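Convention: sequence-line order gives letters A, B, ...; per-chain numbering from 1. Predicted model, so just to flag it, every value in this text is computed and none were measured.
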Protein chains: 2
Amino acid sequence: MSIKHAILGILSCNPLTGYDLKKIIRDSSFMYWSGNNNQIYKSLVELLNEGFVTNEVQHQESSPSKKIYTITKEGLAELKQWVLSTPEPPEFKKTFLVQLAWADQLSTDELNTLLSQYEYEVKMQIVMQQEIRRRGTFTSDRTPREKLIWDMIYQNIISAYETELAWVKQLQTNLLGSKKELLP
Amino acid sequence: MSIKHAILGILSCNPLTGYDLKKIIRDSSFMYWSGNNNQIYKSLVELLNEGFVTNEVQHQESSPSKKIYTITKEGLAELKQWVLSTPEPPEFKKTFLVQLAWADQLSTDELNTLLSQYEYEVKMQIVMQQEIRRRGTFTSDRTPREKLIWDMIYQNIISAYETELAWVKQLQTNLLGSKKELLP
DNA sequence: GGTGTCATGTAAACAGTTACATGATTTT
DNA sequence: AAAATCATGTAACTGTTTACATGACACC
């Protein structure tokens, strides 16, 4: 479970509450977890037991009390060790490709509609990702190098969607272009 | 759970056993499930109860008996309806981006090593995907249009990894190029 | 004699999502 | 008056992976 490492990473910038972490992860483009309560609060308890974080309870009048989590030096060591571990290749979950694989039973119109719908979905994602990047709600740029890295992380996600968009357009063209050959 | 739809899709080409389905899904590039026993055999029981498939037990001397699954007309209808449903945008699970987000604590050498390792992983994926495409172990091309679609599905996966590779190279260049500005 | 393939299935563990629960304050 | 935000947490469910179990045969 590397969400714990993501949490350690976020806490390495700033002490935060579970609620704050939840929002950061939910709104992040590259931290791909949903950021639901169960994941966050359970992970925090585990990180606490492992000694990677400590917490300080802050009672507030007229609102629920906060637990502010701070990363320990053991947590920082664990984070560094994980960052240095052998990277995994990216994984793609493209349900649309599975759908498309059996789409030859559709008429030309039905297939075109399907492709247009996918094109729209992908375009929406690009707009959303550009908005996330523009707003930069949670961006770490403590050094110029870190700024460069984070910029490239956002670029990665946008490029991925742009490649997908270019691919749909190519497919639409190919289907049109080979119309003559495809029909008897 | 759309693995059931993937199974229906595969069976729409050919009646097969659970064991065959398992291998096809495990070796597929775009059917992203692991293809383990539990998923396959449980799904088949469910599909049977739903009336989307039927099975025929084939006893064999000197090897375990086979259950050959065949899609029903209800199954074909269910498949078509699913294929026509609104597509979901692609999802990316790139653990490396999370790792990279906290990589500013690394030295130039450590960071370069990490990037080279990722570059290698991605290159390996490209080779593997090209091999899968070349072998074409399970490819459906009943019509010229279906052939075109399947070709573009394989192309999609390869393009995705190629975009990733181009991105790492860009990052490596950017880190080198801005060396002067990054150091004091 | 050990490993791999064929062929089925189950058990246990882990990961992840949705929904529920509380309760005060602020915004619409 | 209703909905959203802050802030914590739990329960139930679904999805996914790993490992175990059987047993014959083929290959090295």
hbond_proxy A:Asn38 side chain to C:dG16 base (donor-acceptor, 3.5 Å cutoff): no

Side-chain-base donor-acceptor pair under 3.5 Å for A:Asn36 and C:dG16: no

Under 3.5 Å: donor-acceptor pair, side chain of A:Thr17, backbone of A:Ile68: no

Salt-bridge present (A:Lys4, A:Glu78; N to O < 4.0 Å): no

B:Lys42/B:Glu46 ion pair, N-O < 4.0 Å: no

Polar contact flag, side-chain donor to acceptor under 3.5 angstrom, B:Ser107-B:Asp109: no

Side-chain H-bond candidate by donor/acceptor type, A:Gln170 with A:Asn174, under 3.5 Å: yes

How many whole angstroms separate atom [atom1] of [X] from atom [atom2] of [N]?
{"X": "A:Lys22", "N": "C:dT18", "atom1": "NZ", "atom2": "P", "answer": "12 Å"}
{"X": "B:Leu48", "N": "C:dG9", "atom1": "CG", "atom2": "C1'", "answer": "15 Å"}
{"X": "A:Ile40", "N": "D:dT8", "atom1": "CD1", "atom2": "P", "answer": "11 Å"}
{"X": "A:Ile68", "N": "D:dA7", "atom1": "CD1", "atom2": "P", "answer": "9 Å"}
{"X": "B:Tyr32", "N": "D:dT17", "atom1": "OH", "atom2": "C1'", "answer": "16 Å"}
{"X": "A:Leu21", "N": "D:dC6", "atom1": "CG", "atom2": "P", "answer": "14 Å"}
{"X": "A:Glu91", "N": "D:dG15", "atom1": "CD", "atom2": "P", "answer": "18 Å"}
{"X": "B:Ile25", "N": "D:dG15", "atom1": "CD1", "atom2": "P", "answer": "15 Å"}

Residue B:Lys93, side-chain heavy atoms: nucleotide from D:dT8, C:dG9, C:dG16 that is nearest: C:dG16

ring-ring contact (aromatic ring centres under 6.0 Å, His included) between A:Tyr161 and A:Trp167, intermediate numbers included: CA-CA 10 Å; A:Tyr161 284 113; A:Trp167 173 84; over 10 Å; no

Validation row: B:Thr139, B:Asp151 side chains within 4.5 angstrom (heavy atoms): no

Sub-4.5 Å side-chain heavy-atom contact between A:Lys80 and B:Leu106: yes

Side-chain N,O (A:Ser34) to OP1/OP2 (C:dG16) below 4.0 Å: no

Short side-chain N/O contact from B:Gln39 to OP1 or OP2 of D:dT17, under 4.0 Å: yes

Can I get a per-line list of side-chain donor-acceptor pairs under 3.5 Å for residues 88-98 of chain A, giving both atom names and the distance, sequence neighbours left out?
from, atom 1, to, atom 2, distance (Å)
A:Lys94, NZ, A:Glu164, OE1, 2.6
A:Lys94, NZ, B:Asn156, OD1, 2.8
A:Thr95, OG1, B:Tyr32, OH, 3.4

Option passing side chain to side chain contact (heavy atoms under 4.5 Å, CB included) with B:Gln105 (candidates A:Thr143, A:Leu84, A:Val83): A:Val83

Within residues 49-59 of chain A: residues closer than 4.0 Å to DNA chain C (heavy atoms): none

Connected hydrophobic set around A:Met124, excluding itself, where side chains approach under 4.5 Å: A:Tyr120

Linked hydrophobic residues, A:Tyr19 as query - side chain contacts closer than 4.5 Å: A:Tyr41

Nearest-nucleotide comparison on DNA chain C, the residue closer to the 5′ end among A:Lys42 and B:Val45: B:Val45

Output a table of nitrogen or oxygen pairs between the protein and nucleotides 4-7 of chain C separated by less than 3.5 Å.
from, atom 1, to, atom 2, distance (Å)
C:dC6, OP2, B:Tyr19, OH, 3.1
C:dA7, OP1, B:Lys66, NZ, 3.4

End axis versus end axis in the helix from C:dG1-D:dC28 to C:dT28-D:dA1, the angle rounded to 10°, five pairs used at each terminus: 40°

